[in-house]
2 protein chains.
Amino acid sequence: MAERLTRRQAELLGWLREHAPRLPHPPTLDEACRGLGLRSRGSLHKHVQALVAAGLLEPMNGRQRGLVLAAGRRPEPTPATPDARPTGAVLPLLGRVAAGRPIEALEDDATIEVGAEWAGRVDHYALTVRGDSMIDEGIHDGDIVVVQHCSSARNGQIVVALVDGVSATLKRIEQQYGRVVLHPANSSLQPLVVEPDRVTIRGIVKGLIRRYG
Amino acid sequence: MAERLTRRQAELLGWLREHAPRLPHPPTLDEACRGLGLRSRGSLHKHVQALVAAGLLEPMNGRQRGLVLAAGRRPEPTPATPDARPTGAVLPLLGRVAAGRPIEALEDDATIEVGAEWAGRVDHYALTVRGDSMIDEGIHDGDIVVVQHCSSARNGQIVVALVDGVSATLKRIEQQYGRVVLHPANSSLQPLVVEPDRVTIRGIVKGLIRRYG
DNA sequence: CAAGGTGTTCTCCATTCGTTCTCTGTGCGA
DNA sequence: TCGCACAGAGAACGAATGGAGAACACCTTG
């Protein structure tokens, strides 16, 4: 029973975990074949049987569209990868940052799980990006940026900046003598030039996470 | 009793849940037939009986307009995903993908730690992006893309595509009848139009990770 | 009463889909 | 080199599913 999954079995399991929750009905073997790039139901069926035997799939018993993940009774925490338990980090997701508006607070204790490279960074937090003001930097609406809380920055860094205490924006910063230029990365927007004491830096963008549908 | 609903039974149930509350009377079998695109009362009736047997519909007992949802005693709790895994995941970092060149293999067992949203996705891997061919999509040189291993894609998705078995590229795919258009997201590059059998899809881009200095 | 609407049951049919089988190929270790 | 585990293709079979249509019983309405 403690059999190790083969590569293909693990791929099938991963595909099901990914797709099954979003499908209106459990998939057929043919659909799973297409999902995995197979052409033969029969081949896939062998992998299905192995997963059923491992307790990871419900027995199909001839039922059509019977490709259903076993109910969670089986702990079996993701075998497949014999990984060295790389605990990810949980950062607070503080809200949204957009051009021209303050950070909207999200419902409290929203969090996002990020890669382990951010583990232990207690001075980091995450924001959801609204708007396209940084699109030329590849920061799109809906992306999540990882921000290090920090009140100063080097020129060229992308910062969360408050102007006059409001209007949190994501901008590339350029600090010159006697003035600060906040560059949007969107050719249809103008740089903002303000006196240094009107600008508050709230953090430096250190990472970006995006998910595609 | 614990039988799973078939596709059609589930569709009928969904139709009833959507429409019944807005109708002045419970629908007749014929009305439900039209709603589901059926022509035969008899066929629909079989599905109705199955739902009655499952306790999801009130027994009609010959009553006219007797198609009534069973009283809400059956909440049918969306199984959802039983796992709330707060652990990060390790994906293999297979190499680099660029416009016009095959995937360069990296030294073996290079890995990257990603957020827990990718945990258990054994069919996912990561690639480092080289070049600017997708810059208008916000995918920059040096970014890391998370790719789901997959051999087919829907139009509009960003895929890792091989043309003639070589030249792994990151492109937005558009599959038309008899041809495939691979769109770079860079206004200085032209879309690539090829026959479907020359294109091999190696995966679908599902996520993006960037780190700023 | 007749007519039409409606639920019920039945038979017949087509397609989908799970299952099993054989055959092939590949990589790996003894 | 052989054997074995893994992987895939494809054919064939039968069960599950889904549908059409006819026939009938019951009811309401004119």
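Since the model is a prediction, treat every value here as computed from it, not as a measurement. Note that these values count all heavy atoms, side chains included, but never hydrogens, waters or copies made by symmetry. The chains referred to below are lettered A, B, ... by the order of the sequence lines, with proteins before strands, and numbering in each begins at 1.
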Next item on the list: Report the end-to-end axis angle of the helix from dC1(C)-dG30(D) to dA30(C)-dT1(D); each axis comes from five terminal pairs, and the value is rounded to 10°.
Entry: 10°
Check: Start at the 5' end of DNA chain C and walk down; is the nucleotide closest to Q49(A) or to T28(A) reached first?
Finding: T28(A)
Margin query: According to side-chain contact (heavy atoms from CB on, under 4.5 Å), who are the partners of R34(B), at least two apart in sequence or on a separate chain?
Written below: D30(B), E31(B)
Next item on the list: Rounded to the nearest angstrom, tell me the gap between atom CD in Q9(B) and atom P in dG18(D).
Entry: 6 Å
Margin query: It should be established whether T6(B) places a side-chain nitrogen or oxygen under 4.0 Å from OP1 or OP2 of nucleotide dA16(D).
Written below: no
Margin query: If I take atom CG in residue L12(A) and atom C1' in nucleotide dC6(D), what distance separates them, rounded to the nearest angstrom?
Written below: 15 Å
Next item on the list: Identify the two heavy atoms, one from L67(A) and one from P26(A), that lie closest to each other, and give their separation to 0.1 Å.
Entry: O-CB, 3.9 Å
Note to self: Is there a side-chain contact between I135(B) and H140(B) in this structure, where contact means two heavy atoms from C-beta onward sitting under 4.5 Å apart?
What the structure shows: yes
Note to self: So, using salt bridge (Lys or Arg N to Asp or Glu O under 4.0 Å) as the criterion, who are the partners of E137(B) when residues are at least two apart?
What the structure shows: R172(B)
Notebook entry, point to check: Which ones in residues 37-48 of chain B lie close to DNA chain C, meaning a heavy atom under 4.0 Å from one of its atoms?
Noted result: R41(B), G42(B), H45(B)
Checklist line | Contacts of D136(B) that satisfy salt bridge (Lys or Arg N to Asp or Glu O under 4.0 Å) - sequence neighbours left out | finding: none
Next item on the list: Provide the closest heavy-atom pair for W15(A) versus P27(A) in the form atom of the first, atom of the second, distance.
Entry: CZ3-CG, 4.0 Å
Checklist line | Whole angstrom value for the distance that separates P of dA9(D) from CG of D30(A) | finding: 12 Å
Margin query: Is there a side-chain contact (heavy atoms from CB on, under 4.5 Å) between V181(B) and L192(B)? Walk through the geometry before answering.
Written below: CA-CA 6 Å; V181(B) 185; L192(B) 190 60; over 6 Å; no
Notebook entry, point to check: How close or far is atom C1' of dG19(D) from atom CZ of R8(B), stated in whole angstroms?
Noted result: 9 Å
Notebook entry, point to check: Expressed in angstrom and rounded to an integer, what is the separation of L29(B) atom CG from dA25(D) atom C1'?
Noted result: 15 Å
Next item on the list: Starting at atom CD of Q64(B), determine the distance to atom P of dT29(D), rounded to an integer number of angstrom.
Entry: 10 Å
Next item on the list: Would you indicate whether the side-chain heavy atoms of I209(B) and L208(A) approach each other to under 4.5 Å?
Entry: no
Next item on the list: Heavy atoms of chain A, cut-off under 4.0 Å: which first and last nucleotide of DNA chain C, 5' to 3', fall inside that, if you could look?
Entry: dT16(C) to dT20(C)
Checklist line | Beyond-backbone contact of L44(B) with V48(B), side-chain heavy atoms, under 4.5 angstrom | finding: yes
Note to self: Applying side-chain hydrogen bond (donor to acceptor under 3.5 Å, both in side chains) to Q175(B) and N155(B), what does each step give before you reach the verdict?
What the structure shows: CA-CA 6 Å; Q175(B) 296 157 107; N155(B) 282 346; 3.3 Å; yes
Notebook entry, point to check: Is there a side-chain contact between R154(B) and I204(B) (heavy atoms, below 4.5 Å)?
Noted result: no
